[in-house]
Colleague: 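My questions will all concern the structure given below.
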Amino acid sequence: MSSRLPAQGVPAVSDQVRRPSRRRLLRHAMAGAGALLAAGPLSGCASPASGASALSVWDLFQGGDGMLMDDMIEAVSKGAGGGEGFEIDRTILDWGPSYYTKLAMSAAGGRASDVAAMHLSRLAGYAPGGLVDAFDLDLLAEYGVTEKDFSPAVWARTRHEGTVYAIPLDVHPFIVFYDKKAAERAGLLDAAGELAPMGSPEALLEAGKALAEATGESGILFGHVTDTAQNWRMFAGLYAQTGAAFDLPDGGPPEIDVDAAVRVVTLMTRLFDGKTNPSNLDYNGALAAFSSGRGGMAMLGEWELPTLKKSGMELGAAPFPQVFEKPAVYSDSHSFVLPHQDSPDPARRREAHRYVAQILKQSLTWASAGHIPAYQPVLAEPEYAALDPQSSYADAAEVAVLDPPNWFAGAGSNFQNRMCQPLQSALLGDTTPEKAVRQMVREADTLLRQPNPVA
């Protein structure tokens, strides 16, 4: 396995992390969520909110993202945009399952931070069990943030039983990057110099061939070998484009359109046939090949933008092409949640709401790393329209599709890993699309029969 895992929403950068005062980086390897409630109160976490004057914030942003969050926190701490500033005690933890285990344990053990970051796809594992508290939408509105400021596709996932438990910071979709010069030679650009719509599986296959001819190398690059999420990202986005339901009701069985799934996996195997487009690249291999000009297009998360900008190519980007019946782009969202507190201090809760609102208003800074601001007033700013290529794929937020809303799904989950394994076998030619889909259905059924450890 590659030594560098593609953490969703975390750019692949190695910048030195700045360390302002009251900023802590904690690295803890922890057991799986199955041991959450048995573990008892968590030691080594930030102090309870009621025991400190600074607003305590947990997140998983390191590298380039971490530095941008530093800038945003610094701005709101100084009262950017008017109003009072903040004193922030920021704790940064490693991305991955350990982050979510630690977040759950802090809420269950009474040592929760005032605000925490969470992938929106993970909310279904926390809100039903009372591990996060609801937002006061009237209070947010006092600070200039309302439901109408967000894409309905993303806002719909902030709720549990009609109550809002998360406020999105961004949308980070699975998109396509392309070499503009190669795409122009391949005849794939429209009159505005952007990637033209494709509209069918055959058009996508032909685009790969045209790009391969234009580059003299590969057409479309995709790294998936031994990866725990990439195959699922592509499959989930394409499957959503078919319009078929992918429902995982508690207790099972899964409600998956097998014919639609086979249709999608068949396209994936045709696209990555090992000829026009390689079938056996890992994540780093695909990223390196595209960066060095050995392919005309790469299917990646937008979080790779900072790395790709260093390549020197004339870089373009676009939402993942619609090739089936309806537009859909696989995405996730970094969001803010209020970890559960038994007796939250009303004044601190008010400050937590004000903090979330003020950070959202700084998300033009966040967009520089490639993320689409979820707070749509920022998208309307001329400065965002000037961001290239970020503004070229902003429409992906309108058709964002996240993981199924199940406790075991979401970013960094075992669900994604278990879906990826049969898909990898199909792309490598070790099994048929039909057998791969049947295995995916069996894996989903197994997970549905497991009890939620934090319910």
Colleague: In sequence, state the C-alpha distance, the side-chain angles, and the governing distance for Phe177 and Leu305, and then conclude on side chain to side chain contact (heavy atoms under 4.5 Å, CB included).
Modeller: CA-CA 9 Å; Phe177 291 100; Leu305 179 61; 3.9 Å; yes
Colleague: What heavy-atom pair brings Asp445 and Gly252 nearest, and what distance separates the two atoms?
Modeller: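 For Asp445 versus Gly252, the nearest heavy atoms are OD1-CA, 4.2 Å.
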Colleague: Using a cut-off of 6.0 Å, state whether more than 12 heavy atoms not belonging to Glu383 lie near its atom CD.
Modeller: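 Yes, because the 6.0 Å sphere around CD of Glu383 holds more than 12 heavy atoms from other groups.
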Colleague: Determine whether Asp149 and Leu360 make a side-chain contact, defined as any pair of heavy atoms from C-beta on separated by less than 4.5 Å.
Modeller: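 The answer is no, as the side chains (C-beta and beyond) never meet within the 4.5 Å cut-off.
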Colleague: Angle class for the Phe174/Phe320 ring planes (parallel below 30°, perpendicular above 60°, tilted otherwise)?
Modeller: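 Answer is parallel, since the angle falls under 30°.
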Colleague: Testing the 3.5 Å rule here: is there a donor-acceptor pair between the side chains of Gln62 and Asp94?
Modeller: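 The criterion, which ignores hydrogens and geometry beyond distance, is satisfied for Asp94 and Gln62.
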Colleague: Could you tell me whether Arg349 and Asp136 make a salt bridge, using a distance below 4.0 angstrom between a side-chain N and a carboxylate O?
Modeller: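 So Arg349 does not pair with Asp136 through a salt bridge.
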Colleague: For Tyr178 and Glu194, run side chain to side chain contact (heavy atoms under 4.5 Å, CB included): C-alpha distance rounded to whole Å, both residues' side-chain angles, the deciding distance at 0.1 Å, then the answer.
Modeller: CA-CA 10 Å; Tyr178 58 94; Glu194 303 289 342; 3.5 Å; yes
Colleague: Between Asp247 (side chain only) and Pro249 (backbone N and O only), is there a donor and an acceptor less than 3.5 Å apart?
Modeller: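 No; judged by distance alone, with no hydrogens or angles, the pair does not exist.
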Colleague: When you look at Met72 and Leu169, which way does the side chain to side chain contact (heavy atoms under 4.5 Å, CB included) test go after all the steps?
Modeller: CA-CA 12 Å; Met72 294 161 70; Leu169 169 64; 4.3 Å; yes
Colleague: With rounding to the nearest 0.5 Å, note down the distance linking CD in Gln358 to CD1 in Ile73.
Modeller: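 One gets 13.0 Å once the value is rounded to the nearest 0.5 Å.
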Colleague: Do Glu398 side-chain atoms and Ala400 backbone N/O form a donor-acceptor pair below 3.5 Å?
Modeller: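 Side chain of Glu398 to backbone of Ala400, a donor-acceptor pair under 3.5 Å: no, none is there.
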Colleague: Has the side chain of Gln390 got a donor or acceptor atom that lies under 3.5 Å from a matching backbone atom of Ala367?
Modeller: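 Side chain of Gln390 to backbone of Ala367: a pair is present.
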Colleague: Looking only at non-hydrogen atoms, find the nearest pair between Ser151 and Ala397 and report the distance.
Modeller: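 Shortest heavy-atom contact: OG-O, 2.9 Å.
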Colleague: Measure the spacing between CG of Asp59 and CE of Met69 and express it to the nearest 0.5 Å.
Modeller: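 It comes to 6.0 Å.
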Colleague: Quick check against the 3.5 Å criterion: does Arg122 have a side-chain atom that pairs as donor or acceptor with the backbone of Ala411?
Modeller: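 Pair found, side chain donor or acceptor close to backbone of Ala411.
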Colleague: Can you label the angle between the His172 ring and the His334 ring as parallel, tilted or perpendicular, going by 30° and 60°?
Modeller: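 Tilted.
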Colleague: Surrounding CG of Asp250 (heavy atoms of other residues, nucleotides or ligands, distance under 6.0 Å), is the total greater than 12?
Modeller: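 No, not enclosed.
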Colleague: Drop me the distance from Phe408's CZ to Leu248's CG, to the nearest 0.5 angstrom.
Modeller: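 Here the rounded value is 5.0 Å.
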Colleague: What's the shortest heavy-atom distance between Ala260 and Ala244, and which atoms?
Modeller: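 So the two residues come closest at CB-CB, 3.8 Å.
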Colleague: With no hydrogens and no angle check, is any side-chain donor or acceptor of Ser121 less than 3.5 Å from a backbone partner on His119?
Modeller: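 No, because the side chain of Ser121 does not come within donor-acceptor range (under 3.5 Å) of the backbone of His119.
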Colleague: I'd like to know if the side chain of Asp282 reaches the main chain of Gly285, judged simply by a donor and an acceptor atom lying under 3.5 Å from each other, with no hydrogens or angles considered.
Modeller: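 Yes.
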Colleague: Nearest heavy-atom pair of Met440 and Pro422: which atoms, and what distance?
Modeller: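 Answer, listing the atom of Met440 first, then Pro422: CG-CG, 3.5 Å.
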Colleague: Measure across Pro339 and Ala112 and return the closest heavy-atom pair with its distance rounded to 0.1 Å.
Modeller: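 Looking at all heavy atoms of both residues, the shortest contact is CB-CB, 3.5 Å.
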Colleague: With a sphere of 6.0 Å drawn around CD of Glu161, does it hold more than 12 non-hydrogen atoms of other residues, nucleotides or ligands?
Modeller: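 No, because the 6.0 Å sphere around CD of Glu161 holds 12 heavy atoms or fewer from other groups.
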Colleague: Provide the closest heavy-atom pair for Leu315 versus Pro389 in the form atom of the first, atom of the second, distance.
Modeller: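 So the two residues come closest at O-CB, 4.3 Å.
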Colleague: Could you give me the CA-CA distance, side-chain angles and deciding distance for His371 and Asp65, then say whether side chain to side chain donor-acceptor pair (under 3.5 Å) is met?
Modeller: CA-CA 10 Å; His371 312 309; Asp65 272 2; 3.0 Å; yes
Colleague: Show, in sequence, the C-alpha distance, side-chain angles and deciding distance for Val225 and Leu427, and conclude whether the side chain to side chain contact (heavy atoms under 4.5 Å, CB included) test is met.
Modeller: CA-CA 9 Å; Val225 175; Leu427 264 63; over 6 Å; no
Colleague: May I ask you to test the Val437-Val264 pair for a side-chain heavy-atom distance under 4.5 Å?
Modeller: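 Counting from C-beta outward, Val437 and Val264 never come under 4.5 Å.
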Colleague: Quick check: does any side chain N or O of Asp89 sit under 3.5 Å from a backbone N or O of Ser56, one acting as donor and the other as acceptor?
Modeller: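 No; judged by distance alone, with no hydrogens or angles, the pair does not exist.
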Colleague: Please confirm whether the backbone N or O of Phe222 pairs with a side-chain atom of Tyr283, one donor and one acceptor, at under 3.5 Å?
Modeller: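 Side chain of Tyr283 to backbone of Phe222, a donor-acceptor pair under 3.5 Å: no, none is there.
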Colleague: Hey, what do you get for CE (Met268) to CG (Leu423), rounding to the nearest 0.5 Å?
Modeller: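 Between atom CE of Met268 and atom CG of Leu423 there are 5.0 Å.
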Colleague: Less than 6.0 angstrom separating the ring centers of Trp366 and Phe61, yes or no?
Modeller: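 For Trp366 and Phe61, the ring centres are under 6.0 Å apart.
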Colleague: Could you check whether Trp58 and Tyr99 have their ring centres less than 6.0 Å apart?
Modeller: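 No, ring centres 6.0 Å or more apart.
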Colleague: Does any part of the side chain of Glu142, heavy atoms only, come nearer than 4.5 Å to the side chain of Arg350, both counted from C-beta?
Modeller: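 They are in side-chain contact.
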Colleague: With salt bridge (charged side-chain N to carboxylate O under 4.0 Å, His left out) as the criterion, how do Arg354 and Glu351 come out once you've worked through the C-alpha distance, each side chain's angles and the decisive distance to 0.1 Å?
Modeller: CA-CA 5 Å; Arg354 185 170 74 89; Glu351 282 296 273; 2.9 Å; yes
Colleague: Kindly indicate whether the side chain of His353, heavy atoms from C-beta on, has any atom under 4.5 Å from the side chain of Val145.
Modeller: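 His353 does not reach Val145 side chain to side chain.
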Colleague: Roughly how far, to the nearest 0.5 Å, is the CD atom of Glu147 from the CG atom of Leu137?
Modeller: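 Reported to 0.5 Å precision, the distance equals 7.5 Å.
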Colleague: Could you check whether any side-chain heavy atom of Arg233 comes within less than 4.5 Å of a side-chain heavy atom of Gln230, counting everything from C-beta outward?
Modeller: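 They are in side-chain contact.
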Colleague: Please lay out, stage by stage, how Gln416 and Asp403 fare under the test side chain to side chain donor-acceptor pair (under 3.5 Å).
Modeller: CA-CA 9 Å; Gln416 292 187 347; Asp403 274 16; 3.0 Å; yes
Colleague: A side-chain contact here means heavy atoms from C-beta on lying under 4.5 Å apart; do Tyr100 and Leu131 qualify?
Modeller: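 Tyr100 vs Leu131: side chains apart.
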Colleague: Do Pro373 and Tyr384 have side chains that approach each other closer than 4.5 Å (heavy atoms only, starting at C-beta)?
Modeller: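 Yes; the side chains approach each other to less than 4.5 Å.
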Colleague: Does Ser200 use its side chain to pair, donor to acceptor, with the backbone of Val323 at less than 3.5 Å?
Modeller: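 No.
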Colleague: Atom CG in Asn277, atom CG in Leu221: separation rounded to 0.5 Å?
Modeller: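 Result: 7.5 Å between the selected atoms.
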Colleague: In plain terms, say whether Asp257 and Arg263 are close enough for a salt bridge, that is, a side-chain N and a carboxylate O under 4.0 Å apart.
Modeller: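 Arg263 and Asp257: not salt-bridged.
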Colleague: Does one side chain, of Gln362 or Glu74, offer a donor that lies under 3.5 Å from an acceptor on the other?
Modeller: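 There is no such pair (donor and acceptor under 3.5 Å, judged by atom type) between the side chains of Gln362 and Glu74.
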Colleague: Is the side chain of Asp133 donor-acceptor paired with the backbone N or O of Gln341 at a distance under 3.5 Å, no angle test?
Modeller: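 Looks like yes, one N/O pair under 3.5 Å.
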Colleague: Going by heavy atoms in the side chains, are Tyr126 and Val337 under 4.5 Å from each other?
Modeller: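 They are not in contact (no side-chain heavy atoms under 4.5 Å apart), so the answer is no.
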Colleague: So, for Phe272 and His224, is the gap between ring centers shorter than 6.0 Å?
Modeller: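 Ring centroids of Phe272 and His224 are no less than 6.0 Å from each other.
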